[in-house]
Amino acid sequence: MKPSINLLMVKIGTEPGLEDIPRTLRSIDSRIKTFGVLSRPDQYHTFDVVVSSSYESALGAQHEYLRDGLYVRPELFEKIGHAEGRILRMYERVAIQDLAELAAPGGPIPPFRDSVDARSQLFLRHAAYWDFALRHHEIDAVVAQNYGHNGYDAVLYEVAKANGLPYMFFHEFRPFQRAQQMYESVRELESNALSSSLIEVARQKFPYLPDSPGRRELMELQVGLRDKPDSPVSVSKPSFVSRIRRLKKFSDLPQRLARSVRRRRRNARSMRDERESCSGSALPERYLFCELQSQPNATTALKGWMFPDQRESIAMIAKHLPAGWKLVVKESDRQWSRMYPRRVGFWSHISAVPNVHVVASTSSSRDLLDSSCGLVETSYSNLALRAIQLGIPVIVLGYTHIGGLAGVRTVVTDADASQAVQDVCSRQGARLTTEVVTASLTTFVDQKITASIEGTLSYVPKFPSQSEREQFIRRTITNVSSVIAAWLLLRV
């Protein structure tokens, strides 16, 4: 047993209300020294040492990079180079942000202007800094609020693994809210083994609070096993603080307006390309349906694996369709504002794929799903859950946590895709019975309720009373701290 453990915590204990997680973790195991990556450098925290923040990390703006002349060691690059292409694609999540809200590297490093070279230089800055930070602070293990999908945290994951460090992340998985599972790789999303074992150890050796009385009922409601009660429709309004934040930095107003104009023009071109790419013929009689994920979102950035650009997934599935079948493709309903821009010619590229039938974004995704013979999805979406509830087969590309549900076929190889398409099309639209669907969803809830902890790490939900909110925070802080301690007991 190590006499001391230096633990790097990436945005765990940084959300208002949850700041006591590092302090609680130290009270559970006095050997632990906590090193934090904050959201912003000026926020309240209880870490022993602050290493960096998302604000500084997004563009690789840590001052040590220039001060100490950091560089990427050749032996490190040999281990992480395989991930460079994937992370360069992920950096589109950086490119679409309001860069005025992020710390700029400064000095001789030019402002970030999205290009292959700018992304490559960002990758090298990220790799050099995290290698330095892990070695300088003698970090023994890393635990993160979520899987790395913002660029800098994806590089941190690769560098930590290259240095032989244990790395664990929490995952709040849908359709459940307020539920966290623990993983060491996105390839394990379908497995409950690590989470179950950590919860068991935490219950035996450390403080662990029981679930709230209505947790099972809430999870059954969220997965569709219970009818949702009627509730009044509420319209959220921007808070006073958010209004003030929108008004600040008047000096950046011209640049913001210029970016807005460019975005609107780009979106107008993309929407015109989409309209012109729609198939003129009637909806095919036999088809699989795919509502595209918005990209670059967290799902396509990492869980989508090789499918962050969905043209590849569309072409692969369409290639394996039997004669007379089509793949109907539609823009995501979440893309109504075109927040995530499609590249130039995206829809023309999609419509040129044989056996693909593009429909207008104004079409109803639910109606298209209901009349389809199967759904094609990347990792997970609410539409995939609806398909499962209706007994419609689902072909899931990439890494997913719903692979064990009835009617779901997971795809990570071309052979998987061929077999999945063959299986689904051979059913000729036949659906699973209600009994089979209900049994599968019930088993899913049973497995997830024992393999997850109740809580959130990126926000604190609203509750009817202050006492309920305080109980939720206390349970989250205690149980998150205990499963981290259990993981360290197993790995360090």
Side-chain angles (χ1 to χ4, degrees), residues 1-14 18-38 45-52 73 75-76 79-80 83 127 129-148 152-171 180-189 191-208 451-453 455 457 476-492:
M1 181 178 291
K2 293 195 66 170
S4 63
I5 299 174
N6 289 351
L7 176 66
L8 179 61
M9 304 176 71
V10 184
K11 295 181 66 177
I12 294 182
T14 58
L18 302 177
E19 296 96 340
D20 270 350
I21 292 177
R23 181 186 289 136
T24 303
L25 187 55
R26 292 193 299 270
S27 71
I28 291 175
D29 189 340
S30 60
R31 298 176 303 149
I32 298 173
K33 185 175 181 179
T34 57
F35 295 74
V37 175
L38 308 177
H45 66 88
T46 64
F47 295 106
D48 293 303
V49 178
V50 172
V51 174
S52 189
R73 296 178 293 121
E75 56 269 37
L76 172 65
K79 294 179 180 179
I80 69 173
Y129 174 74
W130 289 119
D131 187 39
F132 159 81
L134 295 175
R135 290 150 62 91
H136 174 73
H137 295 291
E138 299 180 333
I139 299 299
D140 296 302
V142 183
V143 62
Q145 180 198 95
N146 203 343
Y147 54 85
Y152 78 87
D153 47 359
V155 179
L156 170 57
Y157 172 83
E158 297 295 340
V159 172
K161 301 304 290 184
N163 279 293
L165 299 180
Y167 191 111
M168 182 181 78
F169 61 86
F170 288 83
H171 181 220
Q180 301 278 344
Q181 284 196 266
M182 291 70 70
Y183 298 98
E184 293 174 317
S185 168
V186 291
R187 295 175 180 269
E188 303 168 356
L189 290 182
S191 172
N192 299 313
L194 178 65
S195 281
S196 297
S197 64
L198 293 182
I199 292 171
E200 183 64 26
V201 172
R203 282 181 170 145
Q204 292 177 359
K205 296 182 177 294
F206 304 115
Y208 196 90
S452 65
I453 61 175
L457 289 171
T476 298
I477 291 174
T478 300
N479 293 352
V480 166
S481 300
S482 291
V483 296
I484 293 175
W487 177 68
L488 291 174
L489 196 65
L490 295 174
R491 294 290 187 259
V492 179

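Throughout, numbering of the chain's residues begins at 1 and tracks the sequence. Values below: every heavy atom of this structure, side chains too, minus hydrogens, waters and symmetry copies.
Two residues are said to be in side-chain contact when any heavy atoms from C-beta on lie closer than 4.5 Å; Phe169 and Asp153 fail this criterion. Side-chain atoms of Asn163 and Ile139, non-hydrogen and from C-beta on, never get closer than 4.5 Å to each other. His45 places none of its side-chain heavy atoms less than 4.5 Å from the side chain of Met9. You'll find the side chain of Thr14 reaches within 4.5 Å of the side chain of Phe47, heavy atoms only. Phe206 places none of its side-chain heavy atoms less than 4.5 Å from the side chain of Ser481. Met182 places a side-chain heavy atom less than 4.5 Å from the side chain of Ile199. Residues His137 and Asn6 are not in side-chain contact: their nearest non-hydrogen atoms beyond the backbone lie 4.5 Å or more apart. Using a 4.5 Å cut-off on side-chain heavy atoms (C-beta onward), Val480 and Leu25 make no contact.
Minimum interatomic distance between Leu457 and Gln180 (heavy atoms only, all atoms of both residues): N-NE2, 3.6 Å. Closest heavy-atom contact between Ala162 and Leu76: CB-CD1, 3.6 Å. Listed here is the closest heavy atom pair of Pro22 and Gly13: CD-CA, 4.2 Å. Among all heavy-atom pairs drawn from Pro166 and Val492, the shortest one is CG-CG2, 4.4 Å. Heavy-atom minimum distance, Ala486 versus Val201: CB-CG1, 3.7 Å. Heavy-atom minimum distance, Ala160 versus Leu134: CA-CD1, 3.8 Å.
Atom CZ of Arg31 sits about 7.0 Å away from atom CG of Leu489, to the nearest 0.5 Å. Residue Ile484 holds its CD1 atom at 10.0 Å from OG1 of Thr24, rounded to the nearest 0.5 Å.
A donor-acceptor distance shorter than 3.5 angstrom exists from the side chain of Ser197 to the backbone of Leu194, with no hydrogens or angles considered. A donor-acceptor pair under 3.5 Å is absent between the side-chain atoms of Arg26 and the main chain of Thr34, judged by distance alone. No side-chain donor-acceptor contact under 3.5 Å links Ser482 to the backbone of Asn479. Side-chain N or O atoms of Gln145 include one that pairs as donor or acceptor with a backbone N or O of Lys11 at under 3.5 Å. Formation of a donor-acceptor pair under 3.5 Å by the Ser195 side chain with backbone atoms of Ser452 is not found in this model.
Between Phe132 and Tyr129, the ring-plane angle classifies as tilted under the 30° and 60° cut-offs.
For Glu138, the CD atom counts as loosely surrounded, since its 6.0 Å shell holds 12 or fewer non-hydrogen atoms of other residues, nucleotides or ligands. Around the NZ atom of Lys79, the shell of radius 6.0 Å holds no more than 12 heavy atoms that belong to other residues, nucleotides or ligands.
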(request) Give the intermediate values and the outcome of side-chain contact (heavy atoms from CB on, under 4.5 Å) for residues Leu8 and Leu156. (result) CA-CA 11 Å; Leu8 179 61; Leu156 170 57; 4.2 Å; yes
(request) Could you give me the CA-CA distance, side-chain angles and deciding distance for Ile5 and Lys33, then say whether side-chain contact (heavy atoms from CB on, under 4.5 Å) is met? (result) CA-CA 6 Å; Ile5 299 174; Lys33 185 175 181 179; over 6 Å; no
(request) Please lay out, stage by stage, how Phe170 and Ile12 fare under the test side-chain contact (heavy atoms from CB on, under 4.5 Å). (result) CA-CA 9 Å; Phe170 288 83; Ile12 294 182; 3.8 Å; yes
(message) What verdict does the side-chain contact (heavy atoms from CB on, under 4.5 Å) test give for Val142 and Trp130, after you've listed the backbone C-alpha separation in whole Å, the side-chain angles of each residue and the deciding distance to 0.1 Å?
(response) CA-CA 12 Å; Val142 183; Trp130 289 119; over 6 Å; no
(message) Run the side-chain hydrogen bond (donor to acceptor under 3.5 Å, both in side chains) test on Glu184 and Trp487 for me, step by step, so that the C-alpha distance in whole Å, both residues' side-chain angles and the decisive distance to 0.1 Å come before the verdict.
(response) CA-CA 10 Å; Glu184 293 174 317; Trp487 177 68; 2.8 Å; yes
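When each of Asp140, Asp48, Leu488 is checked for a side chain to side chain contact (heavy atoms under 4.5 Å, CB included) with Leu7, only Leu488 meets the rule.
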